[in-house]
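First the proteins, then the strands, lettered A, B, ... as listed; each starts at 1.
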Amino acid sequence: MCPTPASADCRNAAKSVLFEAMAENADESKIPEQFLKAYAPQEHEAAIYQAWEESGYFDPDNLPGERPETFSMVLPPPNVTGTLHMGHASMLAIEDAFVRFERMRGKKTLWLPGTDSAAIATQAKVEKQLEKEGTNRGELGREAFLTRVNAFAHESQATILGQTKAMGSSLDWSRLAYTLDDARTRAVSTAFVRMYEAGLIYRGDRIVNWDPKGQTVISDDEIVHEERTATLYTFRYAKDFPIPISTTRPETKVGDTAVAVNPDDERYQRYIGQEFDLTFCDVPLHIKVVADAGVDPAFGTGALGVTPAHSHIDWEIAEKNGLPRPSVINEYAKMTVEGRLSGLKVGAAREAVVAWLAEEGLLEKQEDIAQNVATAERTGGIIEPMPKLQWFIDVTKPFVIPHSAIPGIESGATVTLKQLMRAAVESKAVRIFPDNFDTTYYHWIDNLRPWCISRQIWFGHRIPVWYRGEERYCGTEAPEGDGWEQDPDTLDTWFSSGLWTFSTLGWPDATPDLEAFHPTSMLETGYDILFFWVARMILMSAFHLGTVPFRTVYLHGLVRDEKGRKMSKSLGNIIDPLTMIEKYGADATRLSLLIQNTPGTDLKLAEARVKGYKNFANKIWNITRFVLTSVAGADLAAAPAYTADDGALIAEFDALARDVTDHIERYRIDLASDMLYHYIWHRFADEIIEASKPILADDDAEAIRSRQQALYAILAGFLKLLHPFMPFVTEAIWQALPQKDAELLMIAPWPVRAA
RNA sequence: GGGCGAUUAGCUCAGUUGGUUAGAGCGCACGCUUCACACGCGUGAGGUCACAGGUUCGAAUCCUGUAUCGCCCACCA
């Protein structure tokens, strides 16, 4: 609509059709036609969104006036292949409320949209499609498969973006980013190379979490522990072995190289240091008895069979004691040893070992215990810890940080990534809200192990390392010369997500956007990805830019059903935001996700609430009808001359406006929106309007004029205050107002000046 | 095992630094086609603020403990 929104011509052109219709009808007895019936959101929302988009004001560079202060925020990128659910809707409602507030307050606001390739999830979807077609990725080959996945991702993207717009999100679409587009790919490989050169990314043969179902390695954070009952078997390796051991996984014992006991355990002290040769289930073992303070004398027999290759803790014990770490299970969760267990799946192998133990008279006890089984979040596969050659980020290795703007960390200081992550929050350079999540964050950092970043899937950012025989090359482009093979693995999706606040602003180039908008003002996201994403962004920004990625982290809760259960297909309790928008409008949907949605706490949502807020939108519509009818013919442009009563009403409204502003500044948009709702319905409509009727019907011309001005001023004022929460209905009404200080409410000045 | 949070009206939840008779939405009861609105208006019922102590002139709010529920983290094999 307005290619150059600042021009006078354009301002005229921006006048809505509705406004013109009203102006023509300036007959005193008439009000704009659309107010003669109830508010129907469906008739307005699409046109209003289009008008906003065409105004160009979503783009900070097009905003009118001097805007020395900026406000920037990235949209947590939804999966390209996803559809909008209540979690997204809640996130969009909250973020849009903040952005619209800051835009109206006169800041140069950027809310940057993007989509996420969601590597494993997306690849899995396409693989499922292929399965239906009777083929698989192996048959297709890497290149053809990737073409297929990219096409699918691209096609799906339009769905989620369209749905995002339906919520009224004032995102700057001109800066739309995608985790796998060229700019982001360049950022990712640059980041990898720089961390590799700093020695923080290394390739190592370490014990990792292998998901046999997904056929890939996953990070510690992608594991979910499921409680199950397991059988704890107590037995000896052999008749002449002095110490009985207990385990829930007898099949792994063919990989044992030691038995660990507590150094203070008197029962076993005399065996410490002794070594035994024996045959266990056809497999020859060499077992050394070692001491380890981590062994609990009270559990089982107080002796731990050490299986270095298939248990994280055993791996560490073996490392400390210089023990060999033979692997006995392969990527398909099958046994690799010779003898009766050869080639068996771990489950079958377990039964075979137990049978053998019973046969040999070695089994002493079996009992049921509750156990936490590690499973893969995505596939549900049971994790097999095993040693593999993978890429890691070392979070504890000291390095020299060339430049740091993080308080407490000097430029040129020797630091670790862990220290940087801690300092960012401890110094309050990043504020987490609500702040009780600080503790959780520190706890996570303190327990952090090397972050495994390589994945054995095809869809994602390929690791920028090439091999030729013994040679290795790491760079953003393939090396010159023949015979180089690129590493087949891709990067953990959170590696690229970690760069998001600055890769979307043009990094590694020193762009004006990066200069203007980084660190971003706020990151709004769910508390469930505090570790996955928030912490990784702090890590990446600290390393690559020496600064924090954002000033404030606003953590929202999850949207649950009215009984507090997670929404899921199987429970059939999903409330679809698009259905809600269709039935009750985007404003009602937004408000139901904002009012009384306490930060950091889960929200229980019932459809009745959404319906209630649709009624509220209609209430405002009717209030407008009353006010416009009441002020018809009044000179609204004239300087107000209020009676004492009306002066008090205005003062009361100003106080409300300040309170609302305070609440938003303190991130309590739940309270701000609640307060507005209450004022508009129960104060303005129920009391002020009712009290105005006799005044307007009387014949005191001065009192009438004063009240007309007051009613109109308060209406125009609360439309502004309410706009961040209910943008559509407020804008629709604004377009019909006869006297206003901005053509679009979206950029109208906020009634309270920034402090 | 460690950490975080919750417990306020039938249901879902607010209650910002302690301050009059603790609020809202939905639901409920009764009455209203009152000329902005039945997507509404008015009136009303409904709470020993989980429990037990403590601090205070004063506690839903601060402190200590208990109970119940929920979540996160963790290498009891």
Quiz item: Using purine N1 to pyrimidine N3 plus N6-O4 or O6-N4 for Watson-Crick, or N1-O2 and O6-N3 for G-U wobble, each under 3.5 Å, what pairs with B:rA24?
Solution: B:rU12

Exercise. Identify, between A:Asp220 and A:Thr301, the residue whose nearest nucleotide on RNA chain B lies closer to the 5' end.
Key: A:Asp220

Quiz item: Is there a side-chain polar atom (N or O) of A:Lys693 under 4.0 Å from OP1 or OP2 of B:rA36?
Solution: yes

Quiz prompt | A:Phe98 and A:Tyr554 aromatic ring geometry - parallel, tilted or perpendicular at 30°/60° bounds | solution = perpendicular

Practice problem: Name every residue in residues 430-437 of chain A that has at least one heavy atom under 4.0 Å from any atom of RNA chain B, in order of residue number, or write none if there are no such residues. | Solution: A:Asn436

Self-check item: Those residues that, when tested against A:Tyr584, pass ring-ring contact (aromatic ring centres under 6.0 Å, His included) (two or more places apart)
Solution: none

Quiz item: Under the ring-ring contact (aromatic ring centres under 6.0 Å, His included) test, which residues partner A:Tyr271, sequence neighbours left out?
Solution: none

Quiz item: Taking a pair as Watson-Crick or G-U wobble with both distances under 3.5 Å, which nucleotide is matched to B:rG42?
Solution: B:rC30

Quiz item: Between A:Asp670 and A:His663, does any side-chain donor sit less than 3.5 Å from a side-chain acceptor?
Solution: no

Practice problem: Any chance you could measure A:Tyr39, atom OH, to A:Thr624, atom OG1, to the nearest 0.5 Å? | Solution: 11.0 Å

Quiz prompt | Per A:Ala38 side chain, nearest of listed nucleotides B:rA77, B:rC39, B:rC4 | solution = B:rC39

Exercise. Please identify each residue that fulfils side-chain hydrogen bond (donor to acceptor under 3.5 Å, both in side chains) with A:Arg378, with sequence neighbours left out.
Key: none

Please write out the pairs of protein N or O atoms and N or O atoms of nucleotides 8-14 of chain B separated by less than 3.5 Å, giving the distance to one decimal.
residue : atom : partner  : partner atom : Å
B:rC13  : OP1  : A:Lys604 : NZ           : 2.6
B:rC13  : OP2  : A:Lys604 : NZ           : 3.3
B:rC13  : O2'  : A:Gln596 : OE1          : 2.9
B:rA14  : OP1  : A:Thr598 : OG1          : 2.7
B:rA14  : O5'  : A:Thr598 : OG1          : 3.2

Exercise. Decide, yes or no, whether a salt bridge links A:Lys37 with A:Glu43 under the criterion of side-chain N to carboxylate O below 4.0 Å.
Key: yes

Exercise. State whether A:Asp205 and A:Lys388 are salt-bridged, where the test is any N-O pair (Lys NZ or Arg NE/NH1/NH2 against Asp/Glu carboxylate O) under 4.0 Å.
Key: no

Quiz prompt | Earlier contact from the 5' end, RNA chain B, for A:Tyr613 and A:Ile623 | solution = A:Tyr613

Quiz item: Taking any strand in view, what nucleotide pairs with B:rC62 in a Watson-Crick or G-U wobble way, both distances under 3.5 Å?
Solution: B:rG54

Quiz prompt | Pairwise distance CD(A:Gln390) to CD1(A:Ile207) - rounded to 0.5 angstrom | solution = 12.5 Å

Quiz item: Taking the same atom, P, in B:rC49 and in B:rG3, what whole-Å distance lies between them?
Solution: 30 Å

Quiz item: Salt bridge check: are A:Arg249 and A:Glu384 linked by an N-O gap of less than 4.0 Å?
Solution: yes

Quiz item: Can you tell me how far P of B:rG25 sits from OH of A:Tyr584, to the nearest Å?
Solution: 18 Å

Pairwise N/O distances under 3.5 Å, protein to nucleotides 40-43 of chain B:
residue : atom : partner  : partner atom : Å
B:rG40  : OP1  : A:Asn615 : ND2          : 3.1
B:rG40  : O3'  : A:Lys619 : NZ           : 3.1
B:rC41  : OP1  : A:Lys619 : NZ           : 2.7
B:rC41  : OP1  : A:Trp681 : NE1          : 2.6

Practice problem: Would you mind telling me which of B:rC75, B:rU16, B:rC37 lies closest to the side-chain atoms of A:Arg666? | Solution: B:rU16

